[in-house]
Q: 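Got a structure for you, written out below as structure tokens; questions coming shortly.
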Amino acid sequence: MAAEGDVELELETEENCSERPADKPRKHDSGAADLERVTDYAEEKEIQSSNLETAMSVIGDRRSREQKAKQEREKELAKVTIKREDVELIMNEMEISRVAAERSLREHMGNVVEALIALTN
């Protein structure tokens with residue numbers, strides 16, 4: 001039979017097991033606090049409507065100038081005369097569409113050799 005002292009030891013060990021282990025320090029809490037500081041800064045920053053309107057008008061002006069320059073370039077290219085035989089030669093040799101062959105010829109002022117060199121590079 002067990003002595004009274006043996007029983008008390010068993011009870012003490014059972015009581016120690018039922019206790020929760022010591023809380024571990026949380027490492028992720030500091031990262032969350034840093035994230036909150038960053039998002040708070042971003043939320044406080046506001047865009048003024050006058051600055052936004054100015055930026056949009058600058059972008060719109062730039063786009064309209066680019067479109068106008070592109071249209072002028074297309075008009076210049078349309079004025080270049082090209083030979084039908086040259087277009088067919090480039091189409092057959094490079095295996096490209098008629099539109100691409102004509103475009104290349106027009107960009108190189110009808111010069112077949114330069115057009116072919118540009119297409120191969």
Q: Do the non-hydrogen side-chain atoms of K68 and R63 ever get within less than 4.5 Å of each other?
A: no
Q: May I ask you to decide if A101's main-chain N or O and S104's side chain share a donor-acceptor pair within less than 3.5 Å?
A: no
Q: When rounded to the nearest 0.5 angstrom, what distance separates OG1 in T81 from CE in M109?
A: 10.5 Å
Q: Compare every heavy atom of V112 with every heavy atom of L89, then report the nearest pair and how far apart it is.
A: CD2-CG1, 3.7 Å
Q: Show your reasoning for whether side-chain contact (heavy atoms from CB on, under 4.5 Å) applies to E107 and R73.
A: CA-CA 10 Å; E107 287 176 349; R73 175 75 174 145; 4.1 Å; yes
Q: Of all heavy-atom pairs between M91 and S97, which one has the smallest distance, and what is that distance?
A: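 So the minimum-distance heavy-atom pair works out to CG-O, 4.0 Å.
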Q: Distance check, rounded to the nearest 0.5 Å: L119 atom CG versus E93 atom CD?
A: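 Reported value, rounded in 0.5 Å steps: 11.5 Å.
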Q: Can you name the closest pair of heavy atoms from I90 and A115 and give their distance?
A: CD1-CB, 3.9 Å
Q: With rounding to the nearest 0.5 angstrom, report the CG to CG distance, N121 to L116.
A: 11.0 Å
Q: Flag the pair V58 / R62 as yes when at least one side-chain heavy-atom distance between them is below 4.5 Å, and no otherwise.
A: yes
Q: Calculate, to the nearest 0.5 Å, the distance between atoms CZ and CD belonging to R84 and E102 respectively.
A: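 Reported value, rounded in 0.5 Å steps: 11.0 Å.
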Q: Using a strict 4.0 Å threshold on nitrogen-to-oxygen distance, state whether E74 and K70 make a salt bridge.
A: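 No, this pair does not count.
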Q: For a quick test of reading the model, state the closest non-hydrogen atom pair linking R106 to L77 and the distance between them.
A: CD-O, 3.2 Å
Q: Give the minimum heavy-atom separation between R98 and V87, together with the two atoms involved.
A: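 Minimum heavy-atom contact is NH1-CG1, 3.6 Å.
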